[in-house]
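Structure first, commentary second.
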2 protein chains.
Amino acid sequence: MKRKTVCTDPGWSRRADCVHCAIRSCVLFADLPPDDLDNVLSVIEDQTYPPNSVIYREGEKGHALFTIRHGMVKLVRDLSDGKQRIVRLLKLADVAGLEVVIGSNYKHTAIAVDEVEICRIPLPVIERLVPKHPELSRELMARWQRNVDDADRALVDFSTGTAEERVARLLLYLSTADNICICSSLGRQDMGAVLGISTETASRVMAEFKRRGAVREVASERCCHFNLELLGRIANPD
Amino acid sequence: MKRKTVCTDPGWSRRADCVHCAIRSCVLFADLPPDDLDNVLSVIEDQTYPPNSVIYREGEKGHALFTIRHGMVKLVRDLSDGKQRIVRLLKLADVAGLEVVIGSNYKHTAIAVDEVEICRIPLPVIERLVPKHPELSRELMARWQRNVDDADRALVDFSTGTAEERVARLLLYLSTADNICICSSLGRQDMGAVLGISTETASRVMAEFKRRGAVREVASERCCHFNLELLGRIANPD
DNA sequence: CGTAAATTTGAATGGATTCAAACGTGGTGG
DNA sequence: CCACCACGTTTGAATCCATTCAAATTTACG
């Protein structure tokens, strides 16, 4: 029997409840025995960030890493010409700030795209647990590999091919985050910054997709429905 | 007192000698006590690959990871349209195939760019050592982070901006690998595949760089000298 | 309801791709 | 040893795609 998330339950809000948390099974401490888990619960903070708020900043000395429980986070790097490039988009159960575990400063600026709920895990927690629990090390490595995979995707899927292909691939990626219906939290500017294209081009492509029926806007909810097959064909022409 | 590398010494060739190896200090087993190190030396194989040979292939079940001791390796991913994109360039002391440590198949195809010497580290070695040596876990995590950093560089430096900017940044990156004089092992086609531009554009930009004196070819050796300041200015216009 | 911000659309420009051909170079076999 | 072929590089010209700048329109929000 699966437990529903109770983390958003009023009684538990603003407190980490990793035992009952819905994403526990795909989260860092998944394999820890419950009693060890209890010892660290008190210092794991459940935080909420409003849209566009900064979670941490590139170059800062990091004292914590973060697990995303709801919403989307963008990892941004500033370019020499003043613009900025979105290096990665993090969604449910992704980890931000892993680099602090090896003593590095934050490598990006992390910004909430929409309203974001995250678990803030202080670095000392990790440092205390790692020596005792090899399975936590494994779990950390798996997260690192996921970071690499996501970075590779940013290059191969989001930064290769025509603007249309890139946008289609991004939409498909987002559609797996939420379901078919994505509350288009990403503005055109952010889409451009992810895909390495201009804001105007992103807008034009989206308009064209609506015309072709690849994307359908629903006026009531701020939602878009995706035509997955059509998008798939656009994403990988052959 | 620093030891010179004796790994290329005839007496040691074709055998791993991680105790005396020149890159030992920046290599996976740097922090292991020498006696533990001895136990695994026999199974770490010192290999040489000719240019353009495949070290491993995307999707294969991996039984080993690799440390690069000489030369350059490209990690390639095939695209839907038959072309291929170079995701990363690995050089001295970089690690390829880390993903096998968490039980994953190889995520890219690894191909030797020039003549490459690598240490082949069988997976069981890692699996045996990790539980006993937490410092090895730390070392592995540091490698993973390096992979992430390199992947981010591929995106931000090599896949952003005009063709000229990208080529300049690639040359600067290569110049840190060898010294100022890079034996231009990368063909124009590979340059294009790294930078996400066409072979012809890569060629045109290089020709233009020679005209402007940013790159000077030395006929005798197959070497190019770089004008680092000029390249730096081209790489980051502002 | 009015202002600021984001999106959309247009027209001109520019940069990169594509297709094609010429050039150089290294290797192989006659 | 030279001729010849294969392959990578270079260069040209036409085309196409995306950017840029500008203006119009919509949306968000106090």
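All of these numbers come straight from a predicted model, not from anything done at the bench. The figures here come from the full heavy-atom set of this structure, side chains too, leaving out hydrogens, waters and symmetry mates.
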Distance-minimising heavy-atom pair for M206(B) and M191(B): SD-CE, 3.8 Å

Closest approach of R120(A) to F66(A) (non-hydrogen atoms, all atoms of both residues): CG-CE2, 3.5 Å

More than 12 heavy atoms from other groups under 6.0 Å of CD on E164(A): yes

Reference residue D94(B); test salt bridge (charged side-chain N to carboxylate O under 4.0 Å, His left out); the match among R143(B), R69(B), R146(B): R146(B)

Within residues 73-80 of chain A: residues closer than 4.0 Å to DNA chain C (heavy atoms): none

Any side-chain donor near an acceptor of the partner, H108(B) and D152(A), under 3.5 Å: yes

Side-chain donor-acceptor pair present, T160(A), R85(B), cut-off under 3.5 Å: yes

Atom pair distance, as rounded to whole Å: CZ in R188(A) and P in dT25(D): 19 Å

Integer-rounded Å distance: dT7(C) P and F209(A) CZ: 17 Å

R212(A)/E208(A) salt bridge by N-O under 4.0 Å criterion: yes

Nucleotide-resolved protein contact map, nucleotides 14-25 of chain C, B/S/- at heavy-atom distance under 4.0 Å: --SBBB------

Verdict with reasoning, S53(B) to I111(B), per side chain to side chain contact (heavy atoms under 4.5 Å, CB included): CA-CA 6 Å; S53(B) 56; I111(B) 301 177; over 6 Å; no

